[in-house]
Amino acid sequence: MTDRYDPQEIETRWQRVWEDARAFEVPNPEPGQPAPETHWYQLEMLPYPSGNGMHMGHVLNYTMGDVVTHVRRRSGWSVLRPMGWDAFGLPAENAAIREGGHPREITERNIATIRTQMKRLGWAIDWDREVSSHDPDYYRWTQWLFLRFFEHDLAYRKEAPVNWCPNDQTVIANEYVVDGKCERCGAEVELRNMTQWFFRTTAYADELLEFELPEGGEWPERTKTIQRNWIGRSEGAEILFRVDELDLDLPVFTTRADTLFGATFFVVAPEHPFVAAHATEEAQVYARHAGARKSEDRAAETEKTGVFTGHYATNPVNGERLPIWVADYVLMDYGTGAIMAVPAHDERDREFAETFDLPIVEVVSEDGTLVNSDGFDGKPAAEGARAIVSKLEEQGRGKATVSYRLRDWSFSRQRYWGCPIPIIHCERCGVVPVPDDQLPVLLPDVEDYAPKGKPPLASNEEWMNVTCPSCGGPARRDADTMDTFVDSSWYFIRYVDPHNDELPFERRVVDYWMPVSQYIGGIDHATGHLLYSRFFVKALNDFGMLGFREPFSRLFHQGWVQMGGTKMSKTKGNVMGPDDIVAAYGADAMRTYILFMGPADQDMEWSDSGIEGISRFLRRLWRVVDELAEHPAGDPGDGPLVRKAHATISKVSDDVLRRFQFHTPISAVMELLNDLSAAPGDPGARFAAETAVSLIQPYAPHIAEELWQRLGHERLWEQPWPVADDRFLARETFELVVQVNGKLRDRFEVSVDLSEEELVARATASPKVQTQLDGKQIRKTIVVPRKLVNLVVG
RNA sequence: GCCGAAGUGGCGGAACUGGCAGACGCGCUGGACUCAAAAUCCAGUGGGCUCCGGCCCGUGUGGGUUCGAUUCCCACCUUCGGCACCA
């Protein structure tokens with residue numbers, strides 16, 4: 001009689017064993033220690049400590065990382081696998097406003113809850129490296145890094161139109177405005193002119209387009225495309241149009257310099273400074289009205305609108321005076337906010353010209369060559385564009401240039417629960433950085449977290465008033481805090497050297513572990529976190545602080561786990577969370593099922609009956625192995641069970657390590673178990689059982705460890721990963737597939753030693769094939785060695 | 001509108017390099033065990049036809065390449081994602 005499988009008991013027991021053994025901690029290299037080739041930095045996006053605890057998406061994400069960690073570790077790699085908390089941010093602050101308490105208390109309570117949940121799932125995490133962005137030991141270095149960006153002019157302050165979320169009462173970055181709405185709360189975003197802090201991400205626009213991945217690195221093509229679209233590089237020219245009567249130049253950006261002779265009017269955006277300075281009253285009224293409208297509405301507008309400004313710009317190629325209009329189809333935040341309008345060759349300009357009855361002059365003919373372009377007629381368009389630009393360049397009226405869609409990252413926030421900006425504003429000295437030795441600038445307490453037209457920190461007078469580090473005079477602190485994406489743009493570097501109190505990290509240690517070998521996280525961060533982190537690493541590389549230019553060598557995006565959108569939640573009342581599943585089926589079933597559900601990069605629908613199936617599989621594994629454990633080990637031989645076991649080793653290893661596919665290995669182990677339970681008396685049964693236990697360990701480490709012990713062994717978590725033996729993979733026979741005209745007609749076992757002629761002879765001799773041949777002539781035979789024979793008859 | 005990804009049983013999905021479509025699991029059907037149920041075990045399970053030997057059809061639709069196509073090419077349909085008055 002065997003023991004019953006009790007997941008709760010064995011799981012908590014083995015979790016204690018691993019914790020006591022510090023099983024998953026990994027040391028940093030000593031100075032001078034040569035770097036072994038087999039080290040691996042396994043990283044999944046760090047969680048935000050929400051009050052709802054972990055959701056299924058976290059479970060999927062971290063279990064995937066866990067499987068890779070176990071397989072790599074047991075394959076002899078030194079694996080760094082840390083965890084931490086993206087602890088600053090609005091939800092905790094809003095909860096504090098709503099329910100009282102300090103955001104810190106709320107956050108730390110949530111962290112404690114989630115840490116417990118994580119430990120209950122038995123993930124192989126080096127908890128000694130845990131970091132949290134709200135910890136002064138962490139944000140001290142966020143501030144320190146900010147100061148380096150500031151010194152290199154990559155962080156700067158300017159007044160600019162920024163996205164203001166009226167609900168969250170703060171500025172948000174372009175990257176987190178979705179369809180004109182705040183990504184977090186869904187409120188309509190307003191444009192406001194404000195003085196804000198920016199990171200000069202645009203300085204790295206071209207480098208961010210290049211994915212300078214190390215050997216073996218790989219990013220999904222999809223993600224690279226999303227980032228490239230976001231950066232939106234387009235090559236063209238900047239051309240100066242003269243406004244003679246005002247003695248000023250208006251620059252335009254165009255990708256179609258070849259159509260310059262077709263420009264018949266000129267348009268500036270409503271927000272363009274030219275309007276307020278020089279336009280007629282009527283034009284100004286229009287501009288104020290149009291500029292106030294949401295960009296979405298502006299885009300949805302079918303009819304073109306605009307007003308003549310009363311001035312003319314001179315086309316530098318032919319001296320023509322073009323009327324300057326103001327119209328809201330021209331956008332201030334792309335190019336120069338002004339365009340030359342070529343209605344013959346631009347759909348929008350044509351609509352505008354038709355609406356306001358402006359001339360249309362064709363300058364590129366059907367065959368793609370220039371016409372009506374004095375001195376350039378007959379040239380192909382691309383060549384014509386180059387020629388026109390170089391002529392203008394000689395005259396100092398134009399130059400080839402590049403325009404980007406990417407904007408600098410505005411990262412100052414008018415809220416409380418974030419990293420304080422280590423800057424002091426002095427009336428005499430201006431913007432003065434807090435000296436490094438005065439870091440961290442601690443986040444002070446305030447009476448009220450709710451923003452009331454000014455950032456909460458500004459209300460703490462005691463904190464705000466300081467002496468200027470430069471002149472010693474009275475000065476004020478910067479009351480904004482940093483976007484939490486600043487915290488998460490470098491957390492993965494801090495993990496490698498988390499206890500360093502001299503520097504954010506030591507280059508030697510960072511260069512040993514990094515870049516991250518495998519990063520796993522949602523694709524929703526494609527243009528945000530993933531872009532910011534690349535910007536940070538490129539800049540830090542230019543500062544000489546680390547020796548690589550990309551943070552993440554390999555990237556993988558997990559799919560979304562949908563929790564019964566329809567029937568389940570209605571009939572059952574509430575949806576099961578990870579805790580419920582662990583309580584009902586155990587962590588091993590939870591972990592195995594979340595990966596068994598389907599390809600990890602696709603969205604999947606949670607199914608309660610699905611986890612029943614996995615639970616059944618684990619119970620069956622338990623029963624079969626536990627019964628076998630009582631029988632002594634003997635010579636396994638080389639029978640079908642042993643060969644199947646080796647084939648399974650090969651399949652599981654290849655799927656996890658090469659294909660990064662996590663659901664098919666479970667199927668493979670199920671097949672092995674099916675074969676095993678069909679032949680319990682087979683001499684290879686014990687070997688098959690040990691193999692199944694060893695291979696399932698990355699997925700279901702607790703039951704595997706327990707069964708491994710019952711099989712008479714120890715410490716499975718550090719046992720070498722099994723290696724398939726070619727001798728057992730090699731076959732003496734194979735199943736020959738016989739086709740007639742490409743259709744399957746017969747199959748039977750034959751020796752691998754047969755020649756092609758012999759294979760054809762066997763195939764032709766088959767009675768089933770004979771029926772099909774029916775006296776017809778064989779016109780052609782195709783033989784695929786070790787696979788099939790196809791007889792073509794006619 | 002432009003760019004990209006994906007469409008396979010009742011369901012999740014497998015088939016990796018052009019070579020047996022539907023592995024594995026869920027669900028369902030029948031049976032065993034049981035007073036009964038749960039659990040477990042056994043058998044079956046793409047559709048149609050069948051003289052029970054088999055035969056035909058079948059991977060979104062239509063074409064093509066090939067001895068052979070879920071896989072490659074072209075067109076279309078649908079779904080999802082990114083960008084979008086970006087000059």
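Everything numeric here is computed off the predicted structure, so don't read it as measured data. Chain identifiers are assigned alphabetically (A, B, ...) following the order of the sequence lines, protein sequences preceding nucleic acid strands; residue numbering begins at 1 within each chain.
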What distance, rounded to whole Å, do you find between the two [atom1] atoms, one in [N] and one in [M]?
N	M	atom1	value
B:C56	B:G27	P	35 Å
B:U70	B:U59	C1'	5 Å
B:G60	B:C24	P	23 Å
B:G58	B:A32	P	40 Å

Check against ring-ring contact (aromatic ring centres under 6.0 Å, His included), A:Tyr176 and A:Trp409: CA-CA 11 Å; A:Tyr176 289 90; A:Trp409 169 19; 9.0 Å; no
Can you find a side chain N or O atom of [X] that sits less than 4.0 Å from OP1 or OP2 on [N]?
X	N	result
A:Arg659	B:A15	yes
A:Arg228	B:C83	no
A:Lys787	B:G19	no
A:Gln602	B:G12	no
A:His663	B:A14	yes
A:Lys651	B:A14	no
A:Asn674	B:G25	yes

Tell me what [X] touches on the nucleic acid: a base, only sugar-phosphate, or nothing, going by heavy atoms under 4.0 Å.
X	answer
A:Arg350	nothing
A:Gly613	sugar-phosphate
A:Glu612	nothing
A:Glu671	sugar-phosphate
A:Asp654	base
A:Val784	base

A:Arg222 (side chain) donor-acceptor with A:Trp219 (main chain) under 3.5 angstrom: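 Pair absent, no side-chain N/O of A:Arg222 close to backbone of A:Trp219.
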Polar side-chain atom of A:Arg591 near backbone of A:Pro698 as donor-acceptor pair, under 3.5 Å: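 Present.
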Distance (rounded to the nearest 0.5 Å) between A:Trp325 CH2 and A:Leu358 CG: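 The distance works out to 5.5 Å.
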Assigned partner base of [N], Watson-Crick or wobble definition, under 3.5 Å:
N	result
B:U17	none
B:U65	none
B:C85	none
B:U70	none
B:A39	none
B:U59	none
B:G4	B:C80
B:U45	B:G27

[X], nearest nucleotide to its side chain (from [options]):
X	options	answer
A:Phe596	B:G27, B:C24, B:A21	B:C24
A:Met670	B:C86, B:C24, B:A14	B:C24
A:Leu788	B:A14, B:G19, B:C67	B:G19
A:Asn229	B:C16, B:G82, B:A87	B:G82
A:Thr254	B:A87, B:C16, B:C67	B:A87
A:Arg658	B:G27, B:C56, B:C16	B:C16

Calculate the interatomic distance between [X] atom [atom1] and [N] atom [atom2]; express it in whole Å.
X	N	atom1	atom2	answer
A:Phe617	B:C26	CZ	P	11 Å
A:Phe662	B:G13	CZ	P	17 Å
A:Tyr329	B:C85	OH	C1'	9 Å
A:Phe241	B:A87	CZ	C1'	12 Å
A:Glu303	B:C85	CD	C1'	14 Å

A:Asn790 (side chain) and B:C67 (base): donor-acceptor pair under 3.5 Å: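 Such a pair is found, so the answer is yes.
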Quiz item: A:Glu221 side-chain donor-acceptor pair to B:G4 base, under 3.5 Å: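 Such a pair does not exist between side chain and base.
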Electrostatic pair A:Glu221-A:Lys224, nearest N-O below 4.0 angstrom: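 A salt bridge links A:Glu221 with A:Lys224.
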Check ion pair A:Lys644-A:Glu671 (N to O, under 4.0 angstrom):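 Salt bridge present between A:Lys644 and A:Glu671.
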Side chains of A:Ser677 and A:Arg620, donor plus acceptor under 3.5 Å: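 Present: a donor and an acceptor within the cut-off.
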A:Ser615-A:Arg619 side chain donor-acceptor pair, cut-off 3.5 Å: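 The criterion, which ignores hydrogens and geometry beyond distance, is satisfied for A:Arg619 and A:Ser615.
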For B:G53, glycosidic torsion class - syn if within 90° of 0, otherwise anti: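 Syn conformation here, the glycosidic angle of B:G53 being no more than 90° from 0.
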Glycosidic class, syn or anti, of B:G63 using a 90° window around 0: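 Anti.
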Contact letters for nucleotides 40-53 of chain B, in which S counts primed atoms plus P, OP1 and OP2 and B counts the base, heavy atoms under 4.0 Å: SS------------
Residue mapping more 5' on RNA chain B - nearest nucleotide basis, A:Arg405 or A:Asp346: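 The 5'-side residue here is A:Arg405.
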Comparing A:Gly598 and A:Asn741 on RNA chain B - which has the more 5′ nearest nucleotide: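 On the 5' side of the pair lies A:Gly598.
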Partner residues of A:Tyr286 under the side-chain hydrogen bond (donor to acceptor under 3.5 Å, both in side chains) criterion, sequence neighbours left out: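 A:Tyr286: side-chain hydrogen bond (donor to acceptor under 3.5 Å, both in side chains) contacts with A:Thr305.
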Side-chain heavy-atom pair A:Phe261, A:Ile388 within 4.5 angstrom cut-off: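 SC-SC contact between A:Phe261 and A:Ile388 confirmed.
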Stepwise ring-ring contact (aromatic ring centres under 6.0 Å, His included) check, A:Phe596 with A:Phe617: CA-CA 12 Å; A:Phe596 185 66; A:Phe617 160 66; 8.1 Å; no
